Every structure is written in C-alpha cells, then in structure tokens.
S.K.: 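Below you'll find the structure I mean.
Per chain, numbering begins at 1; letters A, B, ... match sequence-line order. Because the structure is predicted, anything quoted here is derived from the model rather than measured.
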Amino acid sequence: MWPRTYRTGVRRQLELRDRVLLRGSPRRVRLVAGADISYDRGSDVFFAAVVVLDARSLETVEEASATGRSPFPYIPGLLSFREGPLLLRAFRRLRQRPDLCVFDGHGLAHPRRFGIACHLGLLLDLPSFGCGKSRLVGTHEAPRARVGSCTPLYHERRRLGTVLRTRTGVKPVFISPGHRMSHEASVRWALRLCAGYRIPEPTRRAHILANAHRTRR
DNA sequence: GCGACAG
DNA sequence: ATCTTGTCGC
C-alpha cells in the first residue's frame with residue numbers, strides 16, 4: 001500500500017532507506033531505462049512513460065506508458081509517492097528488464113537520503129540514479145563551464161551527490177545514486193548517456209514520450 | 001515566525 | 001509539472 005499522508009510518507013521513507021545500497025557499478029549494461037511523467041497544471045491525471053535504450057548505441061528499443069490519477073499532492077521530499085505508483089505501472093508493462101534506470105529527480109540528494117531514484121530503484125531491485133534539474137538540499141560550488149566538470153554536493157557534512165555540467169556553458173544537473181551504485185558510477189553513466197543535450201537520453205526521451213502521450217488526448 | 005522547497 | 005514570446009548566442 002502506498003501512503004497517502006505526509007506523516008505516513010515520511011515514515012515509509014525512514015523504514016525503507018536502510019535497504020538502499022550505495023556502492024558498486026552496474027555490470028553488463030545493455031539496456032538502460034528512463035522514466036518521467038507529464039500532466040496538465042491543476043490536473044491529477046498523469047501520463048507516465050518509460051523508454052528503454054540500447055546502452056551502446058542509445059537507440060530506443062522499447063517504450064511503455066500508463067495513465068492514471070495521482071494519489072498524492074506535490075510536497076518537496078515526497079515526490080515518489082506522487083509519481084511512483086504510475087511509473088511502476090509503466091515499468092510493469094515492459095517486456096524486457098533494464099539493467100539500469102535513470103529517474104527525473106534526486107536519489108540520495110534528499111533530506112532523508114531517499115529520493116525517488118532510491119525508492120523506485122529499490123522497489124524494482126535495479127541499479128538506478130537520479131538526475132535532478134534543480135537542487136532539493138545541499139550546498140555546492142559551481143562547477144566549471146566545460147562539459148564533464150563537476151563539484152560535490154554536501155548536506156549535513158556528508159556527500160549526497162554531484163553537480164554535473166552535461167553541456168558546456170549550460171546550467172548543470174544534480175546527479176545522485178539511487179540504488180546499487182556509487183557516486184562515481186552514477187556520474188560516469190550520466191555523462192555516458194548524454195548525447196548533446198543537458199538531460200541524459202533515457203529521461204529526455206521519456207519526457208518527450210510522456211508529453212506526446214498527454215498532448216494527443 | 002520566516003524562508004526553502006525534486007517534479 | 002505546465003504556461004508563455006521574445007530574445008540572445010553559437
């Protein structure tokens with residue numbers, strides 16, 4: 001059962017966070033999935049999309065989607081309860097099981113160290129990391145302007161993520177481990193999955209698909 | 001009490 | 001998340 005209140009949501013995060021594994025690097029990665037959600041402002045009808053790419057060529061090999069109402073409001077720090085249920089429904093429709101997943105939002109870089117990338121990576125039992133477009137928690141120095149430049153993100157004296165420049169001269173993204181992978185592996189994969197755009201291809205394509213799905217209805 | 005605050 | 005026109009720069 002998914003929690004439906006702020007209180008039970010926080011409790012769930014505290015119960016699950018110790019199961020997250022923050023070490024390692026995914027092995028034999030052939031399929032990488034990206035997930036995202038789109039919806040009209042003021043509406044709770046969500047359009048979820050998951051796109052699976054060939055890790056080597058970055059070609060799309062499979063797509064899945066799901067539509068439904070969100071059971072939770074948007075509250076910073078509790079995003080997974082708002083988007084998680086529908087994203088998992090889309091994941092279940094996949095014929096192939098990914099070797100790695102990237103989420104639109106944070107993983108470890110969360111006030112309770114359990115962002116959506118940790119939560120869904122754990123439920124799917126797959127290596128995962130988050131790529132947020134803005135900061136939720138933590139402090140950091142600005143990375144240099146060139147692609148690949150990065151600086152650590154700290155919170156309460158602990159490293160929670162990396163501020164990474166995925167495109168020269170463009171606003172950096174926030175990368176943090178979700179499950180079964182380290183900071184280093186997360187950053188390495190984030191860079192490897194970028195193809196000239198600020199956002200990694202898996203989530204960039206999932207965003208486009210979710211949007212198309214929403215628009216054509 | 002005030003400001004911050006993923007998507 | 002989405003809305004929304006022009007504008008700046010490569």
S.K.: Regarding R205(A) and the six-membered ring of Y197(A), is the cationic atom NZ or CZ under 6.0 Å from the ring centre and inside 45° of its axis?
M.R.: no

S.K.: Among dC5(B), dT2(C), dG7(B), which nucleotide has an atom closest to any side-chain atom of S38(A)?
M.R.: dT2(C)

S.K.: Which whole-number value in Å describes the distance from L78(A) CG to dC5(B) C1'?
M.R.: 11 Å

S.K.: Choose from dA6(B), dG7(B), dC5(B) the nucleotide whose nearest atom is closest to any side-chain atom of I116(A).
M.R.: dA6(B)

S.K.: For N211(A), report the nucleic acid contact type (base, sugar-phosphate, nothing); a contact means any heavy atom under 4.0 Å.
M.R.: sugar-phosphate

S.K.: Can you measure R146(A) atom CZ to dC10(C) atom P for me and round it to whole angstrom units?
M.R.: 18 Å

S.K.: Convert the base pairs of DNA chain C into dot-bracket notation, remembering that pairs crossing earlier ones are written with [ ] and that bases paired across to another strand are shown as |; include only Watson-Crick or G-U pairs under 3.5 Å.
M.R.: ..........

S.K.: Would Y39(A) pass as stacked on dA1(C), i.e. its ring centre under 5.5 Å from the base's six-membered ring centre and planes under 30° apart?
M.R.: no

S.K.: To the nearest 0.5 Å, what is the distance between CG on L16(A) and NE2 on H179(A)?
M.R.: 10.5 Å

S.K.: Within this structure, what is the OH-to-P distance between Y6(A) and dA6(B), rounded to whole angstrom?
M.R.: 13 Å

S.K.: Check every strand shown and say whether L87(A) touches a base, only sugar-phosphate, or nothing at a heavy-atom separation below 4.0 Å.
M.R.: nothing

S.K.: Under a 4.5 Å cut-off applied to non-hydrogen side-chain atoms, are I208(A) and R204(A) in contact?
M.R.: yes

S.K.: Quick one: L120(A) CG to dA6(B) P, roughly how many Å, whole number?
M.R.: 18 Å

S.K.: What's the spacing between E201(A) CD and E59(A) CD if we round to 0.5 Å?
M.R.: 12.0 Å

S.K.: When the ring centroid of W2(A) is compared with that of H119(A), is the distance short of 6.0 Å?
M.R.: yes

S.K.: Check every atom of dA4(B), dG7(B), dC3(C) against the side chain of R41(A) and return the nucleotide holding the closest atom.
M.R.: dC3(C)

S.K.: Calculate, to the nearest 0.5 Å, the distance between atoms SG and CG belonging to C150(A) and L191(A) respectively.
M.R.: 7.5 Å

S.K.: Do the side-chain N or O atoms of K133(A) get closer than 4.0 angstrom to the phosphate oxygens (OP1, OP2) of dG7(B)?
M.R.: yes

S.K.: So what does G132(A) touch, heavy atoms closer than 4.0 Å: a base, only the sugar-phosphate, or nothing?
M.R.: sugar-phosphate

S.K.: Over how many whole Å does the gap from F103(A) atom CZ to dA1(C) atom C1' extend?
M.R.: 18 Å

S.K.: Is there a side-chain polar atom (N or O) of H207(A) under 4.0 Å from OP1 or OP2 of dG7(B)?
M.R.: no

S.K.: Are R135(A) and dC5(B) close enough that a side-chain N or O sits under 4.0 Å from OP1 or OP2?
M.R.: yes

S.K.: Please report, rounded to the nearest Å, how far the C1' atom of dA1(C) is from the CZ atom of R214(A).
M.R.: 9 Å

S.K.: Measure CG/D104(A) against P/dT2(C) and give the value in whole Å, please.
M.R.: 10 Å

S.K.: Mark yes or no for whether T203(A), through its side chain, and G34(A), through its backbone, hold a donor-acceptor pair below 3.5 Å.
M.R.: no

S.K.: Using a 4.0 Å heavy-atom cut-off, does G169(A) contact any base of the nucleic acid, only the sugar-phosphate backbone, or nothing at all?
M.R.: nothing

S.K.: How far apart are the C-alpha atoms of D40(A) and R214(A), what are their side-chain angles, what is the distance that settles it, and do they pass the salt bridge (Lys or Arg N to Asp or Glu O under 4.0 Å) test?
M.R.: CA-CA 8 Å; D40(A) 292 301; R214(A) 173 178 64 89; 2.8 Å; yes

S.K.: What is the separation between atom NE2 on H106(A) and atom P on dC5(B), rounded to the nearest whole Å?
M.R.: 11 Å

